[in-house]
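All values below were derived from every heavy atom in this structure, side-chain atoms included, with hydrogens, water molecules and symmetry-related copies excluded. A note on names: the letters A, B, ... follow the listed sequences, proteins ahead of strands, and every chain is numbered from 1.
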Amino acid sequence: MDRFGRLGHSFYSQPTLIVAELLLGKQLVKVERDGSTLSGLITEVESYIGTEDLACHARNGRTERNQAMFGKAGKAYVYFTYGIHWMFNIVTESEGMPSAVLVRGVTPIDGISTMRQRRQSNDKDLSNGPAKFTQAFGIDLRWNNTNLCDPKSDLYINDLDQKTPMFVKSPRIGIDRTPEPWLSKPWNFKVIG
DNA sequence: GCAATGATACAG
DNA sequence: TGTATCATTGCT
């Protein structure tokens, strides 16, 4: 599982759009308390870049909710929204520059039976959305600020040493009230097929 | 097309 | 302290 190695801080500290593109096709892994493993290949990501980006949660500066984004690259920023859903982001750039990549979908690889238990859906809808994915993987506030680079952390991303798959760029999803030019920035990357 | 469901942010 | 909003999902 860990054969190709966990991605480290130097990977995540690259410019956000670079990290976002390179994350496509990488293997997101979570080790459960019982020792079993959940994993999936990242299929869709979205970038939120700094205080200038008016769609980014850090647009109004640091708050209790978004403080993880101001931390080191490679840490998780997890937040609750719509009263129901958890969202999982990976912090990018240098410390103090609040930017992150939202994981919006993965293709399940390991632990599919666990994902089926946690979600009541057909296999197609197991993890093909930002909150579907966190529910399938059991990710919530407890993973906020988790350092994905730490060899001891139960959540990390594995470099499979594969070429970045073909993908399309689109405007970001669900940010309708964001003013231009940020509304139209093609910062949603989605693998084709 | 819209309800669910509650934390967050900001106005007053 | 009140309330509009929300980086969504699932059902009608």
Side-chain angles (χ1 to χ4, degrees), chain A residues 12 15-24 26 28 38 40 42-71 73-93 97-108 112 114-146 148 155 157 167-191:
Chain A
Y12 299 109
T16 308
L17 293 173
I18 300 293
V19 176
E21 176 171 339
L22 294 177
L23 280 174
L24 295 173
K26 297 262 187 302
L28 194 149
L38 303 179
I42 298 175
T43 57
E44 184 181 356
V45 295
E46 215 163 74
S47 297
Y48 291 88
I49 311 177
T51 53
E52 305 223 321
D53 175 7
L54 295 182
C56 182
H57 282 173
R59 60 185 173 275
N60 292 321
R62 183 174 180 141
T63 66
E64 184 172 356
R65 177 172 75 155
N66 69 22
Q67 49 85 15
M69 291 181 95
F70 290 78
K75 297 186 91 173
Y77 166 41
V78 180
Y79 69 90
F80 189 62
T81 192
Y82 291 106
I84 315 175
H85 303 301
W86 293 100
M87 299 286 167
F88 171 76
N89 302 251
I90 302 169
V91 177
T92 58
E93 310 269 356
M97 177 169 175
S99 308
V101 175
L102 170 69
V103 175
R104 292 190 56 92
V106 309
T107 300
I112 294 178
T114 300
M115 299 184 199
R116 286 191 185 115
Q117 285 182 338
R118 291 177 176 167
R119 290 193 39 73
Q120 181 183 15
S121 72
N122 55 45
D123 284 7
K124 179 175 70 68
D125 291 318
L126 233 37
S127 57
N128 62 343
K132 299 178 190 178
F133 147 70
T134 54
Q135 186 181 22
F137 277 68
I139 294 171
D140 58 31
L141 223 218
R142 301 196 295 276
W143 280 268
N144 192 33
N145 282 307
T146 292
L148 307 184
L155 187 60
I157 295 176
F167 67 98
V168 291
K169 301 183 180 182
S170 311
R172 292 170 290 182
I173 311 297
I175 58 166
D176 310 14
R177 245 179 73 63
T178 299
E180 296 288 4
W182 311 106
L183 181 62
S184 298
K185 296 282 185 190
W187 290 350
N188 174 291
F189 300 167
K190 186 171 187 176
V191 173

J.: How would you list, by chain and number, every residue that makes a side chain to side chain contact (heavy atoms under 4.5 Å, CB included) with A/A58, sequence neighbours excluded?
T.: A/C56, A/N66, A/M69, A/F70, A/P98
J.: Give the first and the last nucleotide of DNA chain B, reading 5' to 3', that has any atom under 4.0 Å from a heavy atom of chain A.
T.: B/dA4 to B/dC10
J.: Taking side chain to side chain contact (heavy atoms under 4.5 Å, CB included) as the test, write out the residues that go with A/S184, two or more places apart.
T.: A/E180
J.: Assign A/I173 to base, sugar-phosphate, or nothing according to its heavy-atom contacts below 4.0 angstrom with the strands shown.
T.: sugar-phosphate
J.: A/R116: which residues meet the salt bridge (charged side-chain N to carboxylate O under 4.0 Å, His left out) condition with it, sequence neighbours left out?
T.: A/D123
J.: DNA chain C in dot-bracket, Watson-Crick or G-U pairs under 3.5 Å, [ ] crossing, | other strand?
T.: ||||||.||||.
J.: Name all residues meeting the side chain to side chain contact (heavy atoms under 4.5 Å, CB included) criterion together with A/T134; count only those two or more places apart in sequence or in a different chain, and write none if there are none.
T.: A/W86, A/F88, A/A131, A/I139
J.: Just the rounded figure in Å: distance from C1' of C/dG10 to CD of A/Q120.
T.: 10 Å
J.: Give me, pair by pair, the N or O atoms of the protein and of nucleotides 2-5 of chain C that are less than 3.5 Å apart, along with how far apart they are.
T.:
none

J.: Hey, can you pull the donor-acceptor pairs under 3.5 Å for the side chains in residues 42-55 of chain A, sequence neighbours left out?
T.:
{"from": "A/T43", "atom 1": "OG1", "to": "A/G105", "atom 2": "O", "distance (Å)": "3.1"}
{"from": "A/E44", "atom 1": "OE2", "to": "A/R104", "atom 2": "NE", "distance (Å)": "3.2"}
{"from": "A/E44", "atom 1": "OE2", "to": "A/N188", "atom 2": "ND2", "distance (Å)": "2.9"}
{"from": "A/E46", "atom 1": "OE1", "to": "A/Y48", "atom 2": "OH", "distance (Å)": "2.6"}
{"from": "A/E46", "atom 1": "OE2", "to": "A/I173", "atom 2": "N", "distance (Å)": "3.0"}
{"from": "A/E46", "atom 1": "OE2", "to": "A/N188", "atom 2": "ND2", "distance (Å)": "2.7"}
{"from": "A/D53", "atom 1": "OD1", "to": "A/A55", "atom 2": "N", "distance (Å)": "3.0"}
{"from": "A/D53", "atom 1": "OD1", "to": "A/R172", "atom 2": "NH1", "distance (Å)": "3.4"}
{"from": "A/D53", "atom 1": "OD1", "to": "A/R172", "atom 2": "NH2", "distance (Å)": "3.1"}
{"from": "A/D53", "atom 1": "OD2", "to": "A/I49", "atom 2": "N", "distance (Å)": "3.0"}
{"from": "A/D53", "atom 1": "OD2", "to": "A/R172", "atom 2": "NH1", "distance (Å)": "2.7"}

J.: Just by modelled atom types, is the A/Q135 backbone N or O under 3.5 Å from a matching donor or acceptor in the A/R118 side chain?
T.: no
J.: Could you work out the separation of C/dA4 and B/dA3 based on their P atoms and round it to a whole Å?
T.: 16 Å
J.: Once you round it to whole Å, what is the distance between P of C/dA7 and CE of A/M69?
T.: 11 Å
J.: Mind checking side chain to side chain contact (heavy atoms under 4.5 Å, CB included) for A/N122 and listing every partner two or more places apart, or none if nothing turns up?
T.: A/K124, A/D125
J.: List in numerical order all residues of residues 50-66 of chain A for which some heavy atom is under 4.0 Å away from an atom belonging to DNA chain C.
T.: A/A55, A/H57
J.: Can you list everything that forms a salt bridge (charged side-chain N to carboxylate O under 4.0 Å, His left out) with A/R177? Sequence neighbours excluded, please.
T.: none
J.: Contact class for A/I175 vs. all strands (heavy atom < 4.0 Å): base, sugar-phosphate, or nothing?
T.: sugar-phosphate
J.: The criterion is side-chain hydrogen bond (donor to acceptor under 3.5 Å, both in side chains); which residues satisfy it with A/E93, sequence neighbours excluded?
T.: A/T16
